[in-house]
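Have a look at the structure below, then the notes.
Because only heavy atoms are used, hydrogens play no part in the values below, and waters and symmetry mates are left out as well, while side chains stay in.
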Amino acid sequence: MLSRKGIIPEEYVLTRLAEDPAEPRYRARERRARFVSKKGNRNVAHKNIREQGRFLQDVFTTLVDLKWPHTLLIFTMSFLCSWLLFAMVWWLIAFAHGDLAPGEGAAVPCVTSIHSFSSAFLFSIEVQVTIGFGGRMVTEECPLAILILTVQNIVGLMINAIMLGCIFMKTAQAHRRAETLIFSKHAVIALRQGRLCFMLRVGDLRKSMIISATIHMQVVRKTTSPEGEVVPLHQVDIPMENGVGGNSIFLVAPLIIHHVIDANSPLYDLAPSDLHHHQDLEIIVILEGVVETTGITTQARTSYLADEILWGQRFVPIVAEEDGRYSVDYSKFGDTVKVPTPLCTARQLDEDRSLLDALTLTSARGPLRKRSVAVAKAKPKFSISPDSLS
């Protein structure tokens, strides 16, 4: 009707009617998939696994890897099924011996006070859990009953050992300790001692330390060999700059891990224009060490895509000395500040060092100019009169 009156153009009305209302008008920005999530989980889906029986060959690890609802369900059903199974066995022994009909069976029953399946189920629980209320007991009349009693005790001990060990391992898993090992949300690239460096920050929220902590970094890219073979997971190690030697770190406070981008670095030809969400680049960081309190080896992981790397920024200081000890302000853990950085690759910077000299000269002139202006505008706080000089 509005189009007939000339208020809304007819072409607009036809276009709106042709649109699908179920289709979203605004689509999220498509970004490259990552192999490792920010929380360290593996972002890989396994499909068409034909040999499922391999998981049953390692039952304990399979039970530990299950989710908590499934583990608790198996924990409960394992005890209930064993109690019901042996309750049926005790009921059959009593039925075969004639203990279920009072007055018609033998004078001495195989198991006293068993008159129904309910009483046999209660006796099965008493035997396996070793409660022993005293109302029901096995006599010397039936050797088979003594054998079943021994077998049920052994089976009950095995179930207790497996299920309690599984529950303990799930509560004391190494990745639980990794929840308090944190990484900065973004990585940065800036100058350090005249060289472009890739930097990230890592910290530990707990007071108990990680012993023999080591950190590794890898670049994951999709590459194609000269023969035309596509390698979707081409991993290249990134050496970490460490004065101690190797990849060991002393994680007593948050540290800035840096990698010097030199001719041997896979980031040697990385430019600021390459840091976008379509760039095929993922840097995986792995922190591994031994938990001081439990002695279990733990591992924390994270990854950085190309658009999560900030060029020309540096992490702000968060460690300060207060009252004779050092304090860490974790509210500024991932904060960065812009610093003068050449907008070129490390290769171009090595080939033309004048880019660094021009950047140093520009950054040195800026504060001097501001300071001269501030001095020019400053007014004296006191004055000397001529009379005081006479």
Side-chain angles (χ1 to χ4, degrees), residues 41-42 45-179 294 296 298:
N41 300 322
R42 184 175 55 176
H46 299 276
K47 296 182 179 180
N48 301 325
I49 300 178
R50 298 180 180 179
E51 299 180 1
Q52 298 286 346
R54 292 181 176 271
F55 295 98
L56 298 179
Q57 296 178 2
D58 189 7
V59 180
F60 186 78
T61 305
T62 303
L63 292 176
V64 173
D65 290 339
L66 290 176
K67 296 182 179 180
W68 271 108
H70 299 159
T71 302
L72 294 178
L73 178 62
I74 295 176
F75 180 84
T76 305
M77 293 303 299
S78 62
F79 285 102
L80 286 178
C81 291
S82 63
W83 293 341
L84 289 173
L85 176 63
F86 283 100
M88 179 62 68
V89 174
W90 290 118
W91 183 85
L92 291 176
I93 291 176
F95 177 78
H97 196 258
D99 299 338
L100 299 180
E104 298 180 2
V108 181
C110 293
V111 182
T112 59
S113 302
I114 290 184
H115 307 293
S116 62
F117 183 78
S118 299
S119 57
F121 180 72
L122 292 175
F123 180 71
S124 176
I125 296 177
E126 293 176 10
V127 170
Q128 189 164 332
V129 189
T130 64
I131 296 178
F133 290 114
R136 302 175 182 87
M137 52 181 272
V138 179
T139 63
E140 302 176 355
E141 183 69 17
C142 302
L144 181 60
I146 300 175
L147 177 62
I148 297 300
L149 177 65
T150 305
V151 171
Q152 186 174 4
N153 279 311
I154 295 175
V155 171
L157 289 175
M158 292 178 61
I159 294 176
N160 288 337
I162 294 175
M163 298 311 301
L164 292 179
C166 177
I167 296 297
F168 172 76
M169 289 301 298
K170 285 189 70 66
T171 55
Q173 279 184 336
H175 66 85
R176 303 296 180 186
R177 178 62 176 87
E179 295 293 335
T294 61
I296 301 176
T298 185

Which of Val155, Ile154, Asn160 passes side-chain contact (heavy atoms from CB on, under 4.5 Å) with Met158? Answer is Ile154
Quiz item: Counting only heavy atoms not in Phe95, do more than 12 fall under 6.0 Å of its CZ?
Solution: no
Review point. Looking at side-chain heavy atoms only, is the closest gap between Ile159 and Gln128 below 4.5 Å?
Key: yes
Tell me, yes or no, whether the heavy-atom count around Phe168 atom CZ, taken from other residues, nucleotides or ligands under 6.0 Å, exceeds 12. no
When every non-hydrogen atom of Val64 is compared with those of Cys166, the smallest separation belongs to N-SG, 4.0 Å
CD of Glu141 to OG1 of Thr112, rounded to nearest 0.5 Å, is 12.5 Å
Scanning both residues in full, the closest heavy-atom pair of Ser119 with Arg136 reads O-NE, 3.6 Å
Spell out, as yes or no, whether a donor-acceptor pair under 3.5 Å connects the side chain of Ser124 to the backbone of Ala120.
no
Check: Should Ile167 and Trp68 count as side-chain neighbours, where that means a heavy-atom distance under 4.5 Å?
Finding: yes
Rounding to 0.5 Å, atoms CD1 (Ile148) and CZ (Phe86) come to a distance of 7.0 Å
Here the gap from Ser113 atom OG to Leu122 atom CG, rounded to the nearest 0.5 Å, amounts to 11.0 Å
Applying side-chain contact (heavy atoms from CB on, under 4.5 Å) to Ile74 and not counting sequence neighbours gives Leu63, Leu66, Met163
Heavy atoms of Leu100 and Ile114 approach each other most closely as CD2-O, 3.9 Å
Taken to the nearest 0.5 Å, the spacing of Thr71 OG1 from Met169 CE works out to 12.5 Å
Evaluate the ring planes of Phe79 and Phe75, with Trp represented by its six-membered ring, and classify them as parallel (under 30°), tilted (30 to 60°) or perpendicular (over 60°).
perpendicular
Between the CG atom in Leu149 and the CE atom in Met137, the distance rounded to the nearest 0.5 Å is 11.0 Å
Taken in chain and number order and not counting sequence neighbours, the residues that satisfy disulfide bond (SG atoms under 2.5 Å apart) with Cys142 are Cys110
d(Leu144 CG, His97 NE2) to nearest 0.5 Å is 10.5 Å
